[in-house]
Amino acid sequence: MRMSMRFGKTLRESPAEAELPSHILMLRGGYISKVAAGIYNYMPFAWRAARKIEEIMRREMDAIGGQELLMPVVHPAELWQETGRWQAIGPEMVRMKDRSGRDMVLAMTHEETITDLARRYIDSYKQLPAVVYHIQTKFRDEPRSRAGLIRVREFIMKDAYSFHADQEGLDEYYPNMCRAYKRICHACGVPVVQVLGDVGMMGGTNAHEFTYITDYGEDTLLLCPECGYAANRETATIKKDVAASGLSPEDIPAPEKVATPGKDSIAAVSEFLGMDPKETMKSMVYLNGDSLVMVVIRGDLDVNEKKLANLLRVGEVRLAYPEDLEKAGLNQGYMSPVGLKGIKVVCDDSLSADRGYVAGANEAGFHLKNVVPGRDFAVDYRGDVVAARQGDPCPVCGKPLDVKRGVEIGNTFKLGTRYSASMGANYLDENGKAKPLVMGCYGMGLGRLLACVVEANHDERGIIWPMTVAPYHIYLVALGASDTVKNESEALYRRLTSKGFEVVLDDRDESAGVKFNDADLLGMPIRLTLSERSLKAGGVELKMRSEKSSRVVALSELEGELSKIIDSEMRRFSPDEVI
RNA sequence: CGGGGAGUGGCGCAGUUUGGCAGCGCGCAUGGUUUGGGACCAUGAAGUCGCAGGUUCAAAUCCUGUCUCCCCGACCA
């Protein structure tokens, strides 16, 4: 490839719209160009890198029994109506009518289409497990695209689906996919952590995310540096240390009303009464659709709305407005579930039913001592709705948790029978009995991974592509306008290309500074410089993008040297070496 | 959807406060001089100032509406 003929160009200044390194560098390098918010063109260099990532994905998917197919981007609405997602999903799904007025959707994902295929082609347990994948465009009309390729509306995803006879089959297969995901990221030079994830709109029982840790990420994670516990904010929990008191509710004195004038916060009340916040009960009221829900949790803890919504099996809840509280006759600062009527109560499992807590008296200026969950108020839901915070004890080992940000590159879900049951995707087992297929689904964003490659591999001058995904391995700078340099560089370019090396020849009529700066910005791993000076020194100058120093290599030894470097770099990123 | 900011040649920006010839740098084209870390000289092309309406002798500038884009939040590969 000759730079003089490159479709696209580098920019000296970074476009105002970009803030992240990956976004800035890919725009400046002419790798991507924006069409609309969250919709990008992949220019030739970026597309070459993307295709290399795809090949890595294919290699790893094939290695765990995946078969590649291709499903369409436009689906008939009926498929999505069968699973209920036509109704359940909001405006992020693009809907349209075809010319005959049939409702159609743009694919946000492909569970429906693959399950439709599965019910038509999988008849018997003898065909299981079955694993298929494809690399295809998705469209999600996100409320807010941002950060270049990291959060877009149109994106290419590698998504895989597995079908099993039973949960055990899925459980057995699932780790293969997790390992493959780590191998793919490693091969692309992107370190990832596997974290517990929320099932979200997919449904199912169990999920993991594969996340690249960076302050620019929009996913919030809780990590335990001690034991490796890792979960995203929607799933993370903490050690609550609720030791049994050995008391039964009858042993605990009845609630006692105490005056707490003006003490309308946990901190104020516990200080006033000389108690630990852990001995108090915090009451929060949320709006679930039109109805109110009260959540009670130990005084020192906070509520995670997403976990609350999941416990209630609804899409979302929001903190009630002061007017709502007033209408319900609740005194903010003095609320409690005691004597509450017509409002469901969620009790976090940080509160135990064998001890008394300080709670509000539902009367301004008063609290109750010795309030026992279950005895003094009815519990409608009990579960874990705690919001894990920086420094909270790890649920596994008790050491303080760290909060980090990250970019979710891929995720894996144990779907179970969520889709097969609603779409009637059954197989016959050994006894000839029809059973729903047990499914897993596994997504990974191609553009997002590409952006993370840049995030994880750049310096202030530009991108430093790992050999495995570099658009080209070698950037050959022809320096100077002399015929000797022109002829020699042209000959070298042809020679290397004909031997299968991936080479960009910078044959532009530009100054040395421009060429070197573009070489650094574009980030091919090996830079060769051919000039009068290098020829006089005995050959071409060879410099790795990732290193400072350079050396001169004789033209006669060049191929051997390049092969050696490329091989060792490829090995450095080989997942077999590590995972 | 809530909060903040911005739309002026391809890119980065000034000009808007106080209405009066639409500018600068980079890039692009042509010619010449240069060639080891973003060269220099000369000449040139390119903008309905996001869009619509209004005020005015006159609007990039003032008013109204609208669209788009960016950042923070809610939400996701």
Side-chain angles (χ1 to χ4, degrees), chain A residues 8-20 23 27-28 30 33-39 89-93 108-110 135-160 181 197-198 200-202 207 209-212 217-220 232-234 305-306 309 315-319 406-413 441-452 461-462 477-482 485-486 508-521 527 529-534 536-537 541 543 550:
Chain A
K9 64 176 176 182
T10 55
L11 300 175
R12 196 168 294 203
E13 289 173 287
S14 52
E17 65 192 57
E19 291 200 340
L20 300 211
H23 193 192
L27 283 172
R28 278 195 56 213
S33 87
K34 195 177 70 173
V35 180
I39 302 178
I89 295 175
E92 62 267 31
M93 180 155 74
M108 300 180 64
T109 169
H110 286 80
I135 300 173
Q136 174 65 295
T137 296
K138 309 272 185 284
F139 195 94
R140 296 183 188 173
D141 199 355
E142 296 286 345
R144 186 180 161 215
S145 54
R146 70 187 113 176
L149 290 186
I150 289 178
R151 173 75 179 275
V152 291
R153 295 191 295 169
E154 182 184 304
F155 58 100
I156 299 170
M157 185 199 267
K158 189 274 327 148
D159 41 326
Y181 270 32
D198 180 53
M201 75 164 186
M202 292 298 178
E209 295 177 356
F210 295 81
T211 301
Y212 167 63
E218 45 191 353
D219 203 17
T220 303
N232 74 4
R233 185 171 44 181
E234 283 72 48
E305 293 183 12
K306 185 76 189 181
E316 62 171 5
V317 294
R318 60 192 318 164
L319 207 53
V407 175
E408 185 181 353
I409 292 169
N411 58 23
T412 54
F413 293 92
C441 80
Y442 320 93
M444 188 177 255
L446 177 64
R448 204 173 251 199
L449 179 49
L450 181 63
C452 286
R461 308 191 60 82
V477 179
L479 216 57
S482 77
V485 167
K486 271 189 186 153
R508 294 174 300 171
D509 185 19
E510 290 286 355
S511 69
V514 169
K515 291 185 180 183
F516 286 144
N517 277 295
D518 278 349
D520 289 344
L521 173 60
R527 188 184 82 191
T529 305
L530 191 151
S531 65
E532 296 278 3
R533 190 198 286 185
S534 79
K536 234 172 263 169
E541 180 187 289
K543 178 184 170 299
S550 62

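Here is the naming used below: chain letters follow the sequence lines, and residue numbers restart at 1 for every chain.
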With [atom1] as the reference atom in both, quote the distance from [N] to [M] in angstrom, rounded to an integer.
N: B:A60; M: B:A14; atom1: C1'; value: 12 Å
N: B:G15; M: B:C28; atom1: P; value: 27 Å
N: B:U61; M: B:G20; atom1: C1'; value: 11 Å

Among [options], which nucleotide has an atom closest to any side-chain atom of [X]?
X: A:P143; options: B:C69, B:C75, B:G36; value: B:C75
X: A:A36; options: B:C75, B:C69, B:G38; value: B:C69
X: A:F413; options: B:A77, B:C76, B:C71; value: B:A77
X: A:E541; options: B:G36, B:C75, B:A77; value: B:G36

Pairs under 3.5 angstrom, nitrogen or oxygen only, protein versus nucleotides 8-12 of chain B, please.
unit_1: B:G12; atom_1: OP1; unit_2: A:A16; atom_2: N; d: 3.1
unit_1: B:G12; atom_1: O2'; unit_2: A:E13; atom_2: OE2; d: 3.2

Sequence-distant partners of [X], salt bridge (charged side-chain N to carboxylate O under 4.0 Å, His left out), two or more places apart:
X: A:K543; value: none
X: A:R461; value: A:D520
X: A:R151; value: A:E142, A:E218

Requested in this report: Sequence neighbours left out, what passes ring pair (Phe, Tyr, Trp, His ring centres under 6.0 Å) with A:Y442? Give chain and number order.
Outcome: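 Testing A:Y442 for ring pair (Phe, Tyr, Trp, His ring centres under 6.0 Å), a comparison that skips the adjacent residues, returns none.
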Requested in this report: Quick one: list whatever passes ring pair (Phe, Tyr, Trp, His ring centres under 6.0 Å) with A:H110, sequence neighbours left out.
Outcome: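 Ring pair (Phe, Tyr, Trp, His ring centres under 6.0 Å) check on A:H110 returns A:H75, A:H134.
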Once you round it to whole Å, what is the distance between [atom2] of [N] and [atom1] of [X]?
X: A:Q136; N: B:A77; atom1: CD; atom2: P; value: 18 Å
X: A:R146; N: B:G4; atom1: CZ; atom2: P; value: 18 Å
X: A:K515; N: B:A39; atom1: NZ; atom2: P; value: 12 Å
X: A:M93; N: B:C75; atom1: CE; atom2: C1'; value: 16 Å
X: A:D141; N: B:A77; atom1: CG; atom2: C1'; value: 16 Å
X: A:E142; N: B:C1; atom1: CD; atom2: C1'; value: 14 Å
X: A:I150; N: B:C71; atom1: CD1; atom2: P; value: 11 Å
X: A:D520; N: B:G38; atom1: CG; atom2: P; value: 12 Å

Query raised in the report: So, is A:K138 near the phosphate of B:C76, with a side-chain N or O under 4.0 Å from OP1 or OP2?
Result: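 Indeed not, no polar side-chain atom of A:K138 lies that close.
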Quick check: any donor-acceptor pair below 3.5 Å linking the side-chain of [X] to the base of [N]?
X: A:E510; N: B:G38; result: no
X: A:R12; N: B:G37; result: no
X: A:R144; N: B:C69; result: no
X: A:R533; N: B:G37; result: no
X: A:R448; N: B:C76; result: yes

Query raised in the report: Want to settle it: does A:S534 or A:R151 sit nearer the 5' end of RNA chain B, counting the closest nucleotide to each?
Result: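 Looking at RNA chain B, the more 5' nearest nucleotide goes with A:S534.
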Query raised in the report: Which sits closer to the 5' end of RNA chain B, A:I156 or A:S511, going by the nucleotide each is nearest to?
Result: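 Looking at the nearest nucleotide for each, A:S511 comes out on the 5' side.
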Query - Face-to-face stacking of A:F516 with B:G38, centres under 5.5 angstrom, angle under 30° - result: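 Check failed, A:F516 does not stack on base of B:G38.
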